[in-house]
Amino acid sequence: MTDTVLKCFVVDDSSIQRLAIVKLIENHPNLKLAGEFSNAIETKAAIKDAGVDLIFLDVEMPILTGFDLLDDITEKPGVIFVTGQTKYAFKAFDYSAIDYLQKPIKKDRFLYAVERALLAHKMRTEMVEDKGEFIFVKSNLKKRKVYLKDLKFIQALGDYVKLITENESLVVLSTMKAFEKQLPEEDFLRIHKSYIVNLRRVEKFNSKAVELDNEVLPLSRNRKSDLVEALSQF
């Protein structure tokens, strides 16, 4: 038995179903209940600072579905869908779900899903330790993993942004402002209305331009002092 303890949210509009899952969580040595919610709106507000590892998530809820909730979350924890409908199973795995439990939940099936969640958490942790932080982006209808250390710079392209990495370029539907929020501010800086750079990649700069890996990018006049300050940390 692993010593890992996963912090969990339970999200279901049925109080009876929530109680059933909560009891299962409280009786499992590797799970800790961090919160329970009856709708996706309350969950979205609470999840940002909760440091949750796993969500037991209902699909059919009023106003926002479980899928809607995941669409609105940038950094997604592990997800085990819990629903009375089998028709959502295929879509659930489009969201990289760990498992899909059908109501009423059987204890042995619950335990199996938790084992999968613990294994997935272990793999994610080892991957971060080996290769550093990463984000997932949607490009060409697929979720792609991008390691931040490999990301050189981001360029604005109208309603899209273009990510230039060590080995490829990806076009993602996003505004610069929204994408900037996904990046750690200690490592990335907006140097121009159309460019964000990885500070660790900067080789040279002057009052008008920034050079990194044979690329020359424009530097806004009012961003130079920000760049100097940011680079001083290294």
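Heads up: numbering here begins at 1 and tracks the sequence. The basis for the numbers below is simple: all heavy atoms, side chains too, and nothing from hydrogens, waters or symmetry mates.
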[X] side chain to [Y] backbone, donor-acceptor under 3.5 Å:
X      : Y      : answer
Asn198 : Leu151 : yes
Arg223 : His192 : no
Ser169 : Thr165 : no
Asn39  : Ile41  : yes
Lys76  : Leu70  : yes
Ser220 : Asn222 : no

Is any side-chain heavy atom of [X] closer than 4.5 Å to a side-chain heavy atom of [Y]?
X      : Y      : answer
Arg116 : Ile80  : no
Leu231 : Phe205 : yes
Ile196 : Arg190 : yes
Leu163 : Ser139 : no
Ile25  : Glu36  : no
Asp213 : Glu203 : yes
Asp187 : Leu199 : no
Arg109 : Leu101 : yes

Counterpart residues, side-chain contact (heavy atoms from CB on, under 4.5 Å), relative to Lys204 (two or more places apart)
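side-chain contact (heavy atoms from CB on, under 4.5 Å) list for Lys204, sorted by chain: Glu211.
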
Minimum heavy-atom distance [X]-[Y], with the two atoms named:
X      : Y      : result
Arg201 : Asp150 : NH2-CA, 3.6 Å
Pro29  : Asn27  : CD-O, 3.9 Å
Pro62  : Asp13  : CD-OD2, 3.7 Å
Leu148 : Pro184 : CD1-CD, 3.5 Å
Leu219 : Ala209 : CB-N, 3.8 Å
Ser174 : Ala178 : OG-CB, 3.9 Å

What do you reckon, is [atom1] of [X] surrounded by more than 12 foreign heavy atoms closer than 6.0 Å?
X      : atom1 : result
Gln102 : CD    : yes
Asp94  : CG    : yes
Lys103 : NZ    : yes

[X], [Y]: one ILVMFWY side-chain cluster at the under-4.5 Å cut-off?
X      : Y      : value
Phe37  : Leu64  : no
Leu24  : Val22  : yes
Ile105 : Leu118 : yes
Val197 : Val228 : yes
Ile21  : Leu19  : no

[X] side, atom [atom1]; [Y] side, atom [atom2] - distance, nearest 0.5 Å:
X      : Y      : atom1 : atom2 : result
Lys44  : Asp71  : NZ    : CG    : 10.0 Å
Ile98  : Phe81  : CD1   : CZ    : 10.5 Å
Leu170 : Lys142 : CG    : NZ    : 12.0 Å
Glu215 : Gln155 : CD    : CD    : 9.0 Å
Leu157 : Leu173 : CG    : CG    : 11.5 Å
Lys149 : Glu133 : NZ    : CD    : 12.0 Å

Who are the ring pair (Phe, Tyr, Trp, His ring centres under 6.0 Å) partners of Tyr95, not counting sequence neighbours?
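So Tyr95 forms a ring pair (Phe, Tyr, Trp, His ring centres under 6.0 Å) with Phe67.
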
Apply the test side chain to side chain contact (heavy atoms under 4.5 Å, CB included) to residues Met176 and Ile154: give CA-CA distance (whole Å), side-chain angles for both, the deciding distance (0.1 Å), then the verdict.
CA-CA 8 Å; Met176 284 287 273; Ile154 302 95; 3.8 Å; yes

How far apart are the C-alpha atoms of Thr4 and Lys122, what are their side-chain angles, what is the distance that settles it, and do they pass the side chain to side chain contact (heavy atoms under 4.5 Å, CB included) test?
CA-CA 9 Å; Thr4 302; Lys122 180 176 183 291; over 6 Å; no

Please lay out, stage by stage, how Val172 and Val161 fare under the test side chain to side chain contact (heavy atoms under 4.5 Å, CB included).
CA-CA 5 Å; Val172 178; Val161 293; 4.0 Å; yes

Identify each donor-acceptor pair in which a side-chain atom of residues 53-60 lies under 3.5 Å from a protein atom, sequence neighbours left out, and give them as a table.
unit_1 : atom_1 : unit_2 : atom_2 : d
Asp53  : OD2    : Lys7   : N      : 2.9
Glu60  : OE2    : Tyr88  : OH     : 2.6

Taking it one step at a time, do Glu115 and Leu111 satisfy side chain to side chain contact (heavy atoms under 4.5 Å, CB included)?
CA-CA 6 Å; Glu115 285 301 313; Leu111 294 175; 5.7 Å; no

Mutual orientation of the aromatic rings belonging to Phe110 and His28 [parallel < 30°, tilted 30-60°, perpendicular > 60°]:
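Correct class here is perpendicular.
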
Mind telling me whether Phe134 and Tyr147 have parallel, tilted or perpendicular rings, with 30° and 60° as the class edges?
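If you compare the ring of Tyr147 with that of Phe134, the planes turn out perpendicular.
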
